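One structure is given here, and the rest of the page talks about it.
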Amino acid sequence: MKKVINNAEHVVDQMLDGLVSAHPDELKRLPDTTVIIRKDAPIKGKVGIVSGGGSGHEPAHAGFVGRGMLDAAVAGEVFTSPTPDQILEAIKAVDGGAGVLLVIKNYTGDVMNFEMAQEMAEMEGIQVASVVVNDDVAVEDSTFTIGRRGIAGTVFVHKVAGAKAEAGATLEEVKAVANQTIASVRSMGVALSSCTLPAAGKPSFTLAENEMEIGIGIHGEPGIERVALVSADEITTILLNKILAEIDEESSDVAVMVNGLGSTPEMELHIVNKKVAEVLRDKGMNVYRTWVGEYMTSLDMAGFSITILSLNEGLMELLVEDVKTVAFHV
Amino acid sequence: MKKVINNAEHVVDQMLDGLVSAHPDELKRLPDTTVIIRKDAPIKGKVGIVSGGGSGHEPAHAGFVGRGMLDAAVAGEVFTSPTPDQILEAIKAVDGGAGVLLVIKNYTGDVMNFEMAQEMAEMEGIQVASVVVNDDVAVEDSTFTIGRRGIAGTVFVHKVAGAKAEAGATLEEVKAVANQTIASVRSMGVALSSCTLPAAGKPSFTLAENEMEIGIGIHGEPGIERVALVSADEITTILLNKILAEIDEESSDVAVMVNGLGSTPEMELHIVNKKVAEVLRDKGMNVYRTWVGEYMTSLDMAGFSITILSLNEGLMELLVEDVKTVAFHV
Amino acid sequence: MIVLTIEHTKRWMEEIEKRMLEHKDQLTEFDQAIGDGDHGINMARGFHEVVAKINHVTYDSVSDVLKSAAMTLMAKVGGASGPLYGTAFLKMSMAMQGKEVNEEVFCQAMKDAVDGIHTRGKAEFGEKTLYDVWKQVADFLELEEVAEWQGLLEVCQATIEDTRELVATKGRASYLKERSKGHVDPGSMSSFYIFEALVEVIDWEE
Amino acid sequence: MIVLTIEHTKRWMEEIEKRMLEHKDQLTEFDQAIGDGDHGINMARGFHEVVAKINHVTYDSVSDVLKSAAMTLMAKVGGASGPLYGTAFLKMSMAMQGKEVNEEVFCQAMKDAVDGIHTRGKAEFGEKTLYDVWKQVADFLELEEVAEWQGLLEVCQATIEDTRELVATKGRASYLKERSKGHVDPGSMSSFYIFEALVEVIDWEE
Ligand SMILES: Nc1ncnc2c1ncn2[C@@H]1O[C@H](COP(=O)(O)OP(=O)(O)O)[C@@H](O)[C@H]1O
Ligand SMILES: Nc1ncnc2c1ncn2[C@@H]1O[C@H](COP(=O)(O)OP(=O)(O)O)[C@@H](O)[C@H]1O
Ligand SMILES: [Mg+2]
Ligand SMILES: [Mg+2]
Ligand SMILES: [Mg+2]
Ligand SMILES: [Mg+2]
């Protein structure tokens, strides 16, 4: 494994310091925590939005902290949900009196840790609500399963909820629009190569030179099937069909995100987006906005995910509302 | 080689279509060319800024097209300078009557092709000036060499020249400030792994599991030396010392860019930036602004480059002037 | 008869740390196979912090030692295993509050720990999680004399072997469905080390 | 005696394309060793386009064929080799304008091509670029009878061998400094194929 690090145990700590020293006017790290907050938080009377999760998904989640999006991002160890005490610090730091919404990705660990933090915060008299994002259609959603995973679609939830909160909505309203977004967003990814955790030192899994894993999770969790690598257009069609099948296609207006998982060059993401745009056009859908780039990565994994958000008037407005973050721009 | 492509011969063409379909309101591709221009170009009375080069450096160069930066970017084949006819089309498309500045990276091919285009444009009566960026201190600059290469520092030249042009300056003024930036910007990179050209199908070079190449070029050109991989802090110190030695340190105000070459996760870039900030602080320098991310990549190469721009009042203002592009934000 | 003194308990944590460090790679490999490859890293970090913490504090009760351990695990591990082990030790601590830890108290504490894991993780028996191991151990302790407690190692091993062939339906491994068969659940393995350490310290006096 | 007819010239380009496609990987490997690994790709693309272009046009002179070739190379190759080969063929075309291409005219055309490469690339002899090969070939042709022109292949080979041990001081290879020694310059190699094709077509009639 070759990584530009000093010590596997300090990657998260040093990354957070590096991030803040690049944006000293916008971001602040809560002392002795792994919490990054808006420098102007808490904002009186505004609902605070807190998200986070394991590290290794950069720019998620700290890259989305800023006006119109997140008030705080809590970073866990690599691929490990942050702990309740850290999440609690974030909640306390951004509560402006209007309550705090937790945006949680649907993983056992994340849900348990965020819920514990929520209980603690409520014990301290802070009004807290939470939503769980589950956009990954690679996993079936049934009462017999733990449900779909939360992947790149989470970024759209951050954006929509953040815009709503910035507009002065109540905690209930912000939670409602976040849940509406969660109900309308679906994603699926593909991996061409594994990622390597700094502390593990070797790849989490291996794919043969001609293999790809369809439906990969952002922590390298297995997907639906391991098949022969095919063309960009074919892969894109496979992912899109699965995604569109699970989405409420009532609305023909959609937002698109083509998200790189780490090592896949932007050139290839654009080639994918060309096909995405064509397929959606052929289906008579209207692409309202498109984001192509790295938003929810998986360390150095090669591959990408496609996210489709089905839009209504309200979501459209919130999606393009002014935002000031390091990694998400409209 | 595993790549998300359809056909190595069409990567540039399909990438450009994908990019434009993601930003239909801001960008436009000139029909039957590899030229991406601002949708509102040409802008009457404004100096046009044209840059470009081989593809494989995304988001460079098309990602920097937009208000306050480039008017047009010309994409060549992967790692191959674009041809004079394409560059000529770009010049003609963005000339608003005030002339056009060509920002060229210092490579034999780029210089020859852009110069030929300049000659052709001048024959057609368009006023054209050009500047050549040479920020890579890994190459010695002497009358016996072809001089330093142009790498990530080019992005700062785009930004400064673009802001100056947007402000209504004349071609001479824009060229002057571009040259001033070129004189004040220095960079150096390191590679942990090679890149693979789509059409070549195999890595351009190979580095052993414990090796890194200091001073790598963005096309995989060799650097200063191939040595054992060391810690992020040590690599950063090596690069910074070389860069600062070649920079006019008169000014203690600097802008920093930590640029990922392709496969290196953002986490690692932030770890590097932490050290960069510390070293500069210890040297009594003041970091005015920092950009961490992928700006001038080399396909799927693992590694990064550091760029330092020495600033004066004028450059500071131009650097943070409002800009609207896909890949560069202030 | 006293099963755990303050000293025993501190020693228990040290023995756990020793094993988690020793088997860090094994646990990580198990988690790479059916999870996300961080379990060994999480356990090593967590119990290292626990020992670092309790060594700097003097305690007046076993309950307090376990409470420190629980809080440290919750604050330093994260993921799924952090809250679960944290909850387990916290429930034990609560069950032992103001009591000397004899056989009966310990069995009750184990029962409460198992219930805690159950409520927090919502896994049922046989979903191929660490809950399986804790449940089996608790049931076994209730039936056996302390003298026979070394036997719980076989119980753990047996459970791990039985669950190896199961399809995981909770936790990350559940994403693998059928493909999770034939792999040992990493959390069950780390639980084995926790109980192996326990046996080690209980024998320790004799 | 006529050295090149329109047919010869079209055939020359086809023979070049054949060789560039055949040796695409070799040229790319040479460029991977001391450049950026695209030379074979550039040459194959460029001469493929040249042939595609000239096959769809009827020409009244050798000069016009070469002008088409030159323009196509400039428009389709890019990099360093595009402008250089484009310039070379353009200068040849200009020297042949309104003339039948006999020995003398061809020699003058080669001279002009060499000057063109020199002005465009500013490389001197011995800087380990394609200029070395073109210069040597031009000088040789001037001295020899057409009957002896096959000899230019040895001239090319000799030049390539001589320059192999040189340190490149122009083009990308110059970044390697000492490390460029022992490697054949990719552009010199592609130039060899251009002249190999020339010999092929000149022999062609007999
Ligand atoms: N719902 C649950 N109930 C009980 N144990 C669980 C549950 N989910 C996961 N586990 C246990 O947690 C272990 C994984 O822990 P770890 O890898 O540290 O966390 P994560 O899965 O978040 O990376 C699994 O092997 C399993 O034994
Ligand atoms: N200044 C120059 N003068 C003459 N030939 C040159 C010069 N620079 C480069 N070359 C030739 O160009 C070849 C490289 O061509 P190519 O790889 O297609 O372009 P690039 O170097 O831009 O990738 C070199 O092998 C060399 O022979
Ligand atoms: Mg984990
Ligand atoms: Mg090239
Ligand atoms: Mg895990
Ligand atoms: Mg080349």
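Treat the numbers as computed from the prediction; the structure is a model and nothing was measured. Chain A is the first sequence line, chain B the second, and so forth, proteins listed ahead of strands; every chain is numbered from 1.
For chain C, no part of A:F205 is nearby; none of its heavy atoms comes within less than 4.5 Å. Looking at C:L176, both its backbone and its side chain come within 4.5 Å of chain A, counting heavy atoms on both sides. Neither the backbone nor the side chain of A:V111 comes within less than 4.5 Å of any heavy atom in chain C.
The minimum heavy-atom distance linking A:M112 with C:G121 is given by the pair SD-CA, 4.1 Å. The two residues C:G37 and A:A200 have their closest heavy-atom pair at O-CB, 4.4 Å. The two residues C:I41 and A:A199 make their nearest non-hydrogen contact at CD1-CB, 3.6 Å.
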Tabulate, with distances rounded to 0.1 Å, every donor-acceptor pair spanning chain C and chain A at under 3.5 Å.
unit_1 : atom_1 : unit_2 : atom_2 : d
A:T80  : OG1    : C:D38  : OD2    : 2.6
A:T80  : OG1    : C:N42  : OD1    : 3.2
A:S81  : O      : C:G79  : N      : 3.2
A:T83  : OG1    : C:A75  : O      : 3.1
A:N113 : ND2    : C:G79  : O      : 2.7
A:K202 : O      : C:Q32  : NE2    : 3.3
A:K202 : NZ     : C:Q32  : OE1    : 3.1
A:P203 : O      : C:Q32  : NE2    : 3.3
A:E213 : OE2    : C:R179 : NH2    : 3.3
A:H219 : ND1    : C:R172 : NH1    : 3.2
A:E221 : OE2    : C:R172 : NH1    : 2.7
A:G223 : O      : C:R179 : NH2    : 3.1

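Among A:P84, A:G53, A:G109, A:P82, the residue with the largest count of heavy-atom pairs under 4.5 Å with chain C is A:G109. Heavy-atom pairs under 4.5 Å with chain C were tallied for A:P222, A:G220, A:C195; the largest tally goes to A:P222.
Annotation: A:M120, atom CE; neighbour count of heavy atoms from other residues, nucleotides and ligands within 6.0 Å is above 12.
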